[in-house]
Amino acid sequence: MSIHIYNSLTRKKELFEPYTPGHVQMYVCGPTVYDDAHIGHARSVVVFDMLVRYFKKCDYTVTYIRNFTDIDDKIIQRARALNITTEALAQKYIDAFNRDMDALFVRHPDKEPKATSHISDIIELVETLIQKKHAYVVDGDVYFSVTSFTDYGHLSGRKLEDMAAGARVDIDERKHNPHDFALWKSAKPGEPFWESPWGKGRPGWHIECSAMSMTFLGQSFDIHGGGKDLIFPHHENEIAQSVAANEKPYAKYWVHNGFVNIDREKMSKSLGNVVLIKDLVDQYPPEAIRLLLLSSHYRSPIDFNEQAMHDAVSGLNKLYAALERLEPFTPSDTEAGDLWQRFCVSMNDDFNSAQAIGFLFDAVRYINRCLDESASFNEKDTQNIAQIHADILKIGDVLGLFHQTPAEYADTQQKRLSKGQDAAIEQLIAERIQARKDKNWARADEIRSQLTDMGIMIEDRADGTRWKYMEA
RNA sequence: GGCGGCAUAGCCAAGUGGUAAGGCAGCGGUCUGCAAAACCGUUAUUCUCCGGUUCAAAUCCGGAUGCCGCCUCCA
């Protein structure tokens with residue numbers, strides 16, 4: 001079984017061959033913790049969570065690192081506005097981030113280092129770069145010299161000459177080249193700082209990822225991930241400073257996820273259309289958010305809107321309904337079945353979860369048909385269905401779905417949508433059940449109509465009447 | 001100005017040379033007292049448009065149009 005990954009560095013799908021066979025070392029850029037996490041953060045986190053889950057299912061050992069950027073201009077600014085320390089602000093949003101991602105059933109990386117916990121690693125790296133003449137000191141600031149690194153621009157596909165034509169570079173006479181970037185920034189009065197050989201200051205943005213990835217994964221590792229927007233300048237600069245310092249290849253495969261748009265517009269604070277995870281998980285089943293996020297290929301843009309979210313909830317309901325029907329068929333723990341095999345073929349092709357989810361729904365239709373057609377099964381059929389049950393659960397384990405039993409899911413939905421009138425509803429339901437017993441269809445339908453107006457959906461099953469809240 | 005991406009049904013979305021997955025919505029049917037759920041059938045003779053290569057193109061090449069991203073903090 002071989003996995004192919006699209007590598008942003010080569011712009012091709014490549015066979016995945018980790019440095020150490022059977023071991024995946026992966027570093028993903030985490031959030032700058034100065035505000036609540038939004039759906040865009042969720043996409044990146046969920047996509048790489050899926051990668052890790054899949055690698056593990058394929059029997060790889062995975063070392064997964066995701067950082068928190070807990071010191072930068074925005075954090076300083078925000079902390080000042082709130083009159084709290086940068087540490088307090090960062091911790092507040094680290095906690096918020098973890099809460100949100102836990103709600104989305106995201107597994108924690110093996111390490112979640114903070115930039116400020118690795119100041120000495122960062123200083124050491126900057127010193128190496130100065131020694132090797134890739135960086136220079138000006139008034140307590142340290143800059144990386146882009147012209148000292150011949151491969152600069154490789155990842156993002158740009159040339160320094162072309163970029164110079166662009167107007168949007170700040171003019172700073174002290175820099176040797178306008179594209180030289182800060183490795184270390186001297187502290188202005190009132191700013192938080194750490195002592196360094198160049199005076200009081202703090203790390204630049206890019207250097208922390210180089211330092212932390214090296215600390216935990218070594219100088220060369222397998223996968224470096226993040227949002228597409230990080231390709232330039234962040235990842236370009238990371239490569240430059242890491243390769244310049246180590247004189248060894250940095251990450252082998254660069255994986256970048258696409259953006260989430262909101263109603264066909266870019267999500268941004270200025271447009272005021274930022275969708276926060278904490279709001280979303282109140283409104284929708286968290287797994288529906290995952291399903292939506294994974295229903296498009298990870299490199300494609302996703303348009304997030306109410307309709308898309310609604311579709312995802314419908315899909316998730318269908319999957320859980322099927323799982324409930326499958327409960328009598330205890331999942332077999334034998335070899336993986338055809339469904340799992342097909343799932344893997346899609347996932348092996350650059351993690352095509354969109355196609356893979358198609359197979360999941362194929363399987364659901366198949367088992368629904370089987371269960372509709374017959375009430376009793378011979379041993380062979382039973383085994384077949386149990387196998388599909390096992391495969392569906394295994395797929396769910398990779399996509400991060402089905403963390404609940406169907407009953408728990410229904411219950412959670414109920415609680416989420418409940419408007420505190422459950423008792424009144426139960427009473428109407430009981431009355432309707434009696435009316436149906438009496439074959440008083442007019443009364444039964446009248447009650448159903450009344451419940452529909454209250455947002456209640458009724459299902460009269462062979463084993464009794466059920467009701468649930470309809471999605472808003 | 002430089003670099004890159006995308007265009008597939010009412011909506012969402014796979015498919016990168018062999019004759020259009022899947023989801024949501026709709027319609028017809030089975031089931032049901034009637035519904036709901038589920039299932040069956042149906043919904044793109046065609047993949048933005050125009051050329052080219054090929055026995056064969058949604059897929060490759062050239063061109064046009066439209067949309068979007070990055071180049072500034074950004075997942």
Side-chain angles (χ1 to χ4, degrees), chain A residues 8 11 13 28-32 34-35 37-48 72-74 77 153 156-159 161-170 179 205 225-234 236 256-261 264-269 291-292 295-297 299-303 305 307-319 321-322 324-325 342 346 349 352-373 436 439-442 444-445 448-449 452 457-462 465-468 470:
Chain A
S8 302
R11 294 162 197 246
K13 276 185 203 172
V28 175
C29 290
T32 300
Y34 73 105
D35 208 344
H38 54 63
I39 184 71
H41 294 111
R43 183 177 194 189
S44 176
V45 169
V46 166
V47 161
F48 290 103
D72 92 320
D73 291 347
K74 292 188 296 290
Q77 204 182 341
S156 55
R158 31 193 115 211
K159 298 181 187 123
E161 310 90 80
D162 295 339
M163 283 160 50
R168 298 200 276 190
V169 273
D170 56 329
H179 293 95
W205 174 34
K228 248 185 175 114
D229 55 313
L230 296 178
I231 291 174
F232 190 90
H234 185 53
E236 193 70 71
H256 293 101
N257 64 275
F259 258 42
V260 179
N261 296 317
R264 299 182 55 79
E265 279 189 311
K266 178 168 173 167
M267 179 169 60
S268 73
K269 296 214 163 138
L291 186 62
L292 169 60
S295 289
S296 299
H297 185 90
R299 284 189 279 120
S300 305
I302 288 182
D303 191 51
N305 53 59
Q307 157 107 48
M309 203 57 245
H310 174 267
D311 291 356
V313 174
S314 300
L316 186 66
N317 287 341
K318 185 176 198 156
L319 295 173
E324 187 183 3
R325 298 189 77 180
R342 262 177 299 167
S346 296
D349 183 14
N352 192 341
S353 56
Q355 187 176 65
I357 287 169
F359 293 144
L360 190 59
F361 281 103
D362 281 340
V364 164
R365 186 151 35 82
Y366 174 75
I367 64 104
N368 274 326
R369 186 166 55 216
C370 291
L371 268 43
D372 277 359
E373 278 171 0
R436 292 185 72 227
K439 298 207 189 300
N440 184 353
W441 309 126
D445 292 349
R448 181 168 59 200
S449 160
T452 303
M457 169 109 74
I458 284 178
E459 277 185 53
D460 296 321
R461 301 189 178 209
T465 294
R466 287 197 190 186
W467 64 274
K468 63 174 186 180
M470 291 183 277

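- G1(B): Watson-Crick or G-U partner is C71(B), with both key distances under 3.5 Å.
- Remark on RNA chain B: of its neighbouring residues Asp362(A) and Arg264(A), the 5'-side contact belongs to Asp362(A), judged by nearest-heavy-atom nucleotide.
- Stacking between Phe259(A) and the base of A75(B) is present: ring centres sit under 5.5 Å apart and the planes differ by under 30 degrees.
- Remark: Asn257(A) CG to Phe48(A) CZ distance equals 5.5 Å, nearest 0.5 Å.
- Electrostatic pairing of Arg448(A) and Glu459(A) does not count as a salt bridge here, judged by no charged N lying under 4.0 Å from a carboxylate O.
- We find the CG-NE2 distance between Asp229(A) and His256(A) to be 8.5 Å, quoted to the nearest 0.5 Å.
- Heavy atoms of Gly227(A) sit under 4.0 angstrom from primed sugar atoms or phosphate atoms, though from no base atom.
- Distance check on atom P: G5(B) versus A44(B) gives 32 Å, rounded to whole Å.
- The side chain of Met267(A) lies closest to A75(B) when the candidates are C40(B), A14(B), A75(B).
- A close approach under 4.0 Å does occur between a side-chain nitrogen or oxygen of Ser300(A) and OP1 or OP2 of A14(B).
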Practice prompt. Please test Asp372(A) against Arg325(A) for side-chain contact (heavy atoms from CB on, under 4.5 Å), starting from the C-alpha separation and ending with a verdict.
Written response: CA-CA 10 Å; Asp372(A) 277 359; Arg325(A) 298 189 77 180; 2.9 Å; yes
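- Atom CZ in Arg369(A) sits about 12 Å away from atom C1' in G41(B), given to the nearest Å.
- Close to C39(B), at under 4.0 Å from its OP1 or OP2, lies a side-chain N or O of Asn368(A).
- The His297(A) side chain lies nearest to A14(B) when the options are A38(B), C71(B), A14(B).
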Worksheet, complete the sentence: With B for base contact, S for sugar-phosphate-only contact and - for none (protein heavy atoms under 4.0 Å), nucleotides 28-33 of chain B reads -----B
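- The distance between atom CG of Asp229(A) and atom P of G69(B), rounded to the nearest whole Å, is 12 Å.
- Counting to the nearest Å, the C1' atom of A25(B) and the CG atom of Asn305(A) are 14 Å from each other.
- Under the Watson-Crick or G-U wobble criterion, with both distances below 3.5 Å, A20(B) is left unpaired in every strand shown.
- Between the CD1 atom in Ile39(A) and the OG atom in Ser44(A) there is a gap of 11.5 Å [rounded to 0.5 Å].
- Within 4.0 Å of Ser156(A), counting heavy atoms only, lie sugar-phosphate atoms of the nucleic acid but no base atom.
- G41(B) is paired with C27(B) under the criterion used here, namely a Watson-Crick or G-U wobble arrangement in which both key atom distances are under 3.5 Å.
- Nucleotides U43(B) and G29(B), compared at atom C1', are 15 Å apart to the nearest Å.
- A salt bridge is defined here as a Lys NZ or Arg NE, NH1 or NH2 lying under 4.0 Å from an Asp or Glu carboxylate O, and Asp460(A) with Arg466(A) fails to meet this definition.
- Nearest nucleotide to the Lys318(A) side chain, out of A14(B), A75(B), C24(B): C24(B).
- For the P atom pair drawn from A35(B) and C11(B), the interatomic distance equals 30 Å after rounding to whole Å.
- Taking atom C1' on both nucleotides, U16(B) is separated from A21(B) by 15 Å, rounded to a whole Å.
- Salt bridge status for Asp35(A) with Lys74(A): absent, with no side-chain N to carboxylate O gap under 4.0 Å.
- Judged purely by atom type and a 3.5 angstrom limit, Arg43(A) uses its side chain to pair as donor or acceptor with the backbone of Phe259(A).
- When each of His41(A) and Asp349(A) is assigned the nucleotide of RNA chain B with its nearest heavy atom, Asp349(A) is the one assigned upstream, toward the 5' end.
- One interatomic measurement links the two molecules: CD of Glu161(A) to C1' of G1(B), which rounds to 15 Å at whole-angstrom precision.
- Contact annotation for His256(A): no contact, since no heavy-atom pair falls under 4.0 Å across all strands.
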Item to complete: May I have the step-by-step check of side-chain contact (heavy atoms from CB on, under 4.5 Å) for Trp441(A) and Arg436(A), ending in yes or no?
Response: CA-CA 6 Å; Trp441(A) 309 126; Arg436(A) 292 185 72 227; 4.0 Å; yes
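- Within the model, atoms CD1 of Ile302(A) and OG of Ser295(A) stand 8.0 Å from one another, a figure rounded to the nearest 0.5 Å.
- No engagement by Arg43(A) is indicated, since no non-hydrogen atom pair under 4.0 Å with the nucleic acid exists.
- Closest to the side chain of Ser296(A), from the set C70(B), A14(B), C73(B), is A14(B).
- For Gln307(A), the listed nucleotide lying nearest its side chain is C24(B); candidates were C24(B), A21(B), C70(B).
- Distance check on atom P: G10(B) versus G26(B) gives 16 Å, rounded to whole Å.
- Using N1 to N3 plus N6-O4 or O6-N4 for Watson-Crick, or N1-O2 and O6-N3 for G-U wobble, each under 3.5 Å, G66(B) pairs with C6(B).
- A21(B) atom P lies 12 Å from atom CZ of Phe359(A), rounded to whole Å.
- At the heavy-atom level, Leu230(A) lies under 4.0 Å from the strands shown only through sugar-phosphate atoms.
- With a cut-off of 3.5 Å on both pairing distances, U59(B) has no Watson-Crick or G-U wobble partner at all.
- When rounded to the nearest whole Å, the span between CZ of Phe232(A) and P of U72(B) equals 6 Å.
- In this structure, of G15(B), A13(B), G23(B), it is A13(B) that holds the atom nearest to the side chain of Ala354(A).
- Put simply, CZ on Arg461(A) is 10 Å from P on A38(B), counting in whole angstrom units.
- Nearest nucleotide to the side chain of Arg325(A), out of G22(B), C73(B), A38(B): A38(B).
- Look at the P atom in both C47(B) and A9(B): the space between them is 10 Å, to the nearest Å.
- For Arg299(A) and G5(B), the CZ to P distance is 11 Å, given to the nearest whole Å.
- Contacts of Val260(A) with the nucleic acid, taken as non-hydrogen atoms under 4.0 Å apart, include base atoms.
- Panel note: side chain Lys228(A), backbone Arg299(A); a donor-acceptor pair is recorded below 3.5 Å.
- Side-chain atoms of Glu459(A) lie closest to A36(B) of the nucleotides A36(B), A14(B), A75(B).
- With distances taken from any side-chain atom of Arg11(A) to the nucleotides G4(B), A21(B), C70(B), the minimum falls on G4(B).
- The gap from the P atom of C12(B) to that of C71(B) amounts to 27 Å, rounded to the nearest Å.
- Checking G23(B), A75(B), G15(B) against the side-chain heavy atoms of Arg365(A) singles out G23(B) as nearest.
- Nucleotides U45(B) and G51(B), compared at atom C1', are 22 Å apart to the nearest Å.
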